[in-house]
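Below you'll find the structure, written out as structure tokens, and then a few comments.
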Amino acid sequence: MPSFSTWRTGFLESPAVLAFHSDHFVLPLPAGHPFPMGRYHLLRESVRATLPGVRLHESEPATDGELALAHEPAWISAVAEGTTSTAQQREIGFPWSERMVQRARRSVGATIEAARAALAGEGVAANLAGGTHHAYAHKGSGYCVFNDVAVAARLMQAEHHRHALRWPQRGLRVIVIDLDVHQGNGTAAIFRDDPSIFTLSLHGARNFPFRKEASDLDVELPDGCTDGPYLDALDAALATAFERCAAHPPGLAFYLAGADPHEDDRLGRLKLSAEGLAARDRRVFTELARRGIPVALSMAGGYGRDIGTTVALQRRTVELAFAAWRQWQPRQQSSERAAAEPMEEPMEGSMDARMEEWGP
Ligand SMILES: [Zn+2]
């Protein structure tokens, strides 16, 4: 009988952390457009060249039905059919094109696949794009068309229910750890009244979006914030978030590891060093691993004056995700051994049992 992981995804034989990408779908942007479209391709090439421990997969596009878990049908059809207004396109920051639709769908698809792999036993998996956290249920904004994390979170909750029907279970709780320098306003708005999804956002107080939404926990940082105060704020925020989730611990995390808090970012306004960002990533992965919470990583923003700086920062984040994945594997192997032994419970129950075992 196949193990839970093989049965769900076929990824068990994966020799390394999985990273999903969609950078073949490049938008036709006008000359001089500020969005660094090239960095997605450069990141994948850098990962391929320097991190043999990362297994790359092109993602599938998210379907209308999947998008509808977090988006209003009118918004999905306006994007799909190209009937978005000029004002709506201006708010997104991209002109509409067929490629924009494909790219947006695949970016969501990559986060869905990363989350599914993380949950199915990988522990850690990545989207080399994504983190489109400014998209609301009814509109896009700030280079974000659809909200990848919102769709993936809802879909993983639905799949969790579908696969665990015969087993007394709690629903899948989710935590979103958004460390992009801009507030995750779309995500906060979509999950405002959803107690099953905890949203944490650390962001620049004076940065976009200028009208912020209420996350479950918002931490605002002053312009020019450096490594020390940032990491102190992060430690406190993570402690508070997990304390507030203690009664219903998350079984899945989304981590938006924006590179835009970096000191050389054009838009960030903060002053984190490369080492500070690496320390940030390590803290997040360590806290999640300590609690046995699988994590899907999205890259989110990064607008370095030199695109190579942003790519190097994001490559480092992927490298740290690989290190976190490696730490997860001994735990996974012991679970696989346990799963291989005869057991009375239905197969679907094993994931819940493992969640209990790994709980805080
Ligand atoms: Zn950002």
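Only heavy atoms go into these numbers, but all of them, side chains included; no hydrogens, no water, no symmetry mates. Note that the structure is a prediction, hence the values are computed from the model and not measured. Atoms within each ligand, like the ligands themselves, are counted from 1 in listed order.
To the nearest 0.5 Å, atoms CG (Asp64) and CG (Leu69) are separated by 11.5 Å.
Note on ring orientation: taking the six-membered ring where Trp is involved, the planes of Phe94 and Tyr143 are parallel (angle under 30°, cut-offs 30° and 60°).
Checking Ser22 against Glu58 by side-chain atom types alone, no donor-acceptor pair falls below 3.5 Å. Side-chain atoms of Asn147 and His133 include no donor-acceptor pair closer than 3.5 Å. Using modelled atom types, one finds a donor on one side chain and an acceptor on the other under 3.5 Å when comparing His24 with Arg44.
In this structure, Phe191 has its ring center no closer than 6.0 Å to that of Phe198.
Only protein N, O or S atoms were considered, and those under 2.8 Å from the Zn ion (ligand 1) are Asp180 OD1, Asp180 OD2, His182 ND1, Asp260 OD2.
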